[in-house]
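Note sheet for the following structure.
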Amino acid sequence: MSEISLSWSAGYRDVVVALATFTGGYFLYWFIANSSRLQKACDKAYGGERAQAMYILFQRVVGIVFLGIPAVLVTIILRSFRFRDFGLTTIDSIATLYWILGISAVIIPLVLSFSRTPSFFETYPLIRERTWDRFLILANTVSWCLYILIYEFLFRGFLLGATVGPFGVWPAILVNVAVYVCVHIPYGFFVTLGALPLGLAMCMATVHTGNIWTAYAVHLLVALLNDYVALGANPRTKVRLH
């Protein structure tokens, strides 16, 4: 191997800060959200099926805090980081709608097809309460909306936006997809496999449109579709709105 210089360049700063912020935030989120202390606290406070439901909801709250706050603070502090460069912009082109419709046209039939398999009901809905009331439906929907907004800002906004300049478009996309696939490994083979084309498509849409709204809309659609298709199709679960 030829000699490689270990000298530091000022041009490395932004990408190093972005990667360090992402790594630190995700590290804290994962180990706090999946801690036995959080689970035991929910068991003690609520008990029964509601304890598991609240555990899932609090996991999303932890994600909103530790995936979102570090990236937002760094974006505010560093002058070279701007929210509009990380995809938080208004939609100014119909291309965003085309991307959303195009990816959704592939995703929806896949989810509906997967919902016919027994393994689908073993995973979804993530909240395992058998009777869903108005509070649970509202809390599940709102928590998904907020959590995925933060999640997509971190992945397709902050991380992708900070690496496109130093790495170039395609290397930045491949780094993003690689990390995205790896963080899905704990959720099983098929979820991890699906994260590969989905992550690639959402990165391409973000770069093409200049905003994260395709990634946000598609990711939210998948999350809600999985939960509510499973809730409606599973004979062991029911909805009680009164």
Side-chain angles (χ1 to χ4, degrees), residues 25-26 28-68 104 107-155 180-196 198-199 202 215-241:
Y26 201 91
L28 291 171
Y29 153 67
W30 181 259
F31 285 102
I32 293 174
N34 293 281
S35 67
S36 58
R37 288 187 177 182
L38 179 60
Q39 188 168 15
K40 288 177 181 177
C42 291
D43 288 340
K44 184 178 180 180
Y46 299 97
E49 291 183 346
R50 185 50 57 101
Q52 189 272 344
M54 297 306 297
Y55 176 53
I56 296 296
L57 295 174
F58 279 121
Q59 282 184 315
R60 293 174 193 164
V61 172
V62 172
I64 292 167
V65 172
F66 289 101
L67 298 181
S104 298
I107 291 295
I108 293 174
L110 288 176
V111 171
L112 295 178
S113 176
F114 183 46
S115 69
R116 299 188 182 97
T117 64
S119 59
F120 182 77
F121 296 110
E122 294 174 3
T123 305
Y124 302 105
L126 297 180
I127 293 174
R128 308 306 290 178
E129 194 158 338
R130 283 172 290 185
T131 300
W132 285 52
D133 55 19
R134 284 180 293 181
F135 164 78
L136 199 53
I137 292 174
L138 180 62
N140 185 60
T141 303
V142 171
S143 64
W144 267 135
C145 290
L146 296 176
Y147 172 77
I148 291 176
L149 177 60
I150 293 299
Y151 194 93
E152 287 304 327
F153 169 70
L154 182 65
F155 268 94
Y180 187 63
V181 168
C182 287
V183 301
H184 282 79
I185 289 175
Y187 303 107
F189 176 80
F190 290 106
V191 173
T192 305
L193 185 64
L196 177 58
L198 184 59
M202 293 194 296
Y216 175 65
V218 170
H219 197 164
L220 182 60
L221 173 65
V222 171
L224 295 179
L225 201 60
N226 281 334
D227 274 355
Y228 293 130
V229 166
L231 179 63
N234 193 336
R236 291 179 291 181
T237 59
K238 58 183 178 180
V239 176
R240 181 175 296 165
L241 298 179

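As the structure is a computational prediction, the values presented were derived from the model and not from experiment.
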Counting distance only, does the side-chain N/O of [X] pair as donor-acceptor with the main-chain N or O of [Y] below 3.5 Å?
X	Y	value
Thr192	Val181	no
Ser115	Leu112	yes
Asn34	Trp30	yes

Side chains of [X] and [Y]: does their closest heavy-atom pair fall under 4.5 Å?
X	Y	value
Trp132	Pro125	yes
Tyr180	Met202	yes
Thr123	Phe190	no
Arg60	Leu146	no
Thr117	Glu122	no
Ile137	Tyr228	yes
Glu129	Gln52	no

Of all the heavy-atom pairs spanning [X] and [Y], show the shortest one and how long it is.
X	Y	value
Leu126	Ile56	O-CG1, 4.0 Å
Leu57	Ser143	CD2-OG, 3.4 Å
Ile150	Leu67	CG2-C, 3.7 Å
Phe58	Cys42	CD1-SG, 3.7 Å
Ile127	Ala53	CG2-CB, 3.4 Å

Subject >> Test ring-ring contact (aromatic ring centres under 6.0 Å, His included) applied to Tyr29 - qualifying residues, sequence neighbours left out >> reply: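 ring-ring contact (aromatic ring centres under 6.0 Å, His included) check on Tyr29 returns Tyr26.
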**OP:** Sequence neighbours left out, what passes ring-ring contact (aromatic ring centres under 6.0 Å, His included) with Tyr46? Give chain and number order.
**Re:**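 In terms of ring-ring contact (aromatic ring centres under 6.0 Å, His included), with neighbours along the sequence ignored, Tyr46 is linked to no residue.
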[atom2] on [Y] to [atom1] on [X], rounded to 0.5 Å:
X	Y	atom1	atom2	answer
Ile64	Ile148	CD1	CD1	10.0 Å
Leu154	Leu149	CG	CG	11.5 Å
Asp133	Leu138	CG	CG	10.0 Å

Kindly list each side-chain donor-acceptor pair under 3.5 angstrom involving residues 217-226, sequence neighbours excluded, with atom names and distances?
unit_1, atom_1, unit_2, atom_2, d
His219, ND1, Glu152, OE2, 2.6
Asn226, ND2, Val222, O, 3.2

**OP:** Enumerate the residue pairs fulfilling salt bridge (Lys or Arg N to Asp or Glu O under 4.0 Å) with a member in residues 31-49, sequence neighbours excluded, ordered by first and then second residue.
**Re:**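 Sorted result for residues 31-49: Glu49-Arg130.
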**OP:** Among residues two or more places apart or on two chains, list those pairs meeting salt bridge (Lys or Arg N to Asp or Glu O under 4.0 Å) that have a residue in residues 216-239.
**Re:**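 Listed once each, the pairs would be none.
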Subject >> Summary of ring pair (Phe, Tyr, Trp, His ring centres under 6.0 Å) pairs that have at least one residue in residues 108-131, sequence neighbours excluded >> reply: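 Applying ring pair (Phe, Tyr, Trp, His ring centres under 6.0 Å) to every pair that reaches into residues 108-131, excluding sequence neighbours, yields Phe114-Phe120, Phe120-Tyr124.
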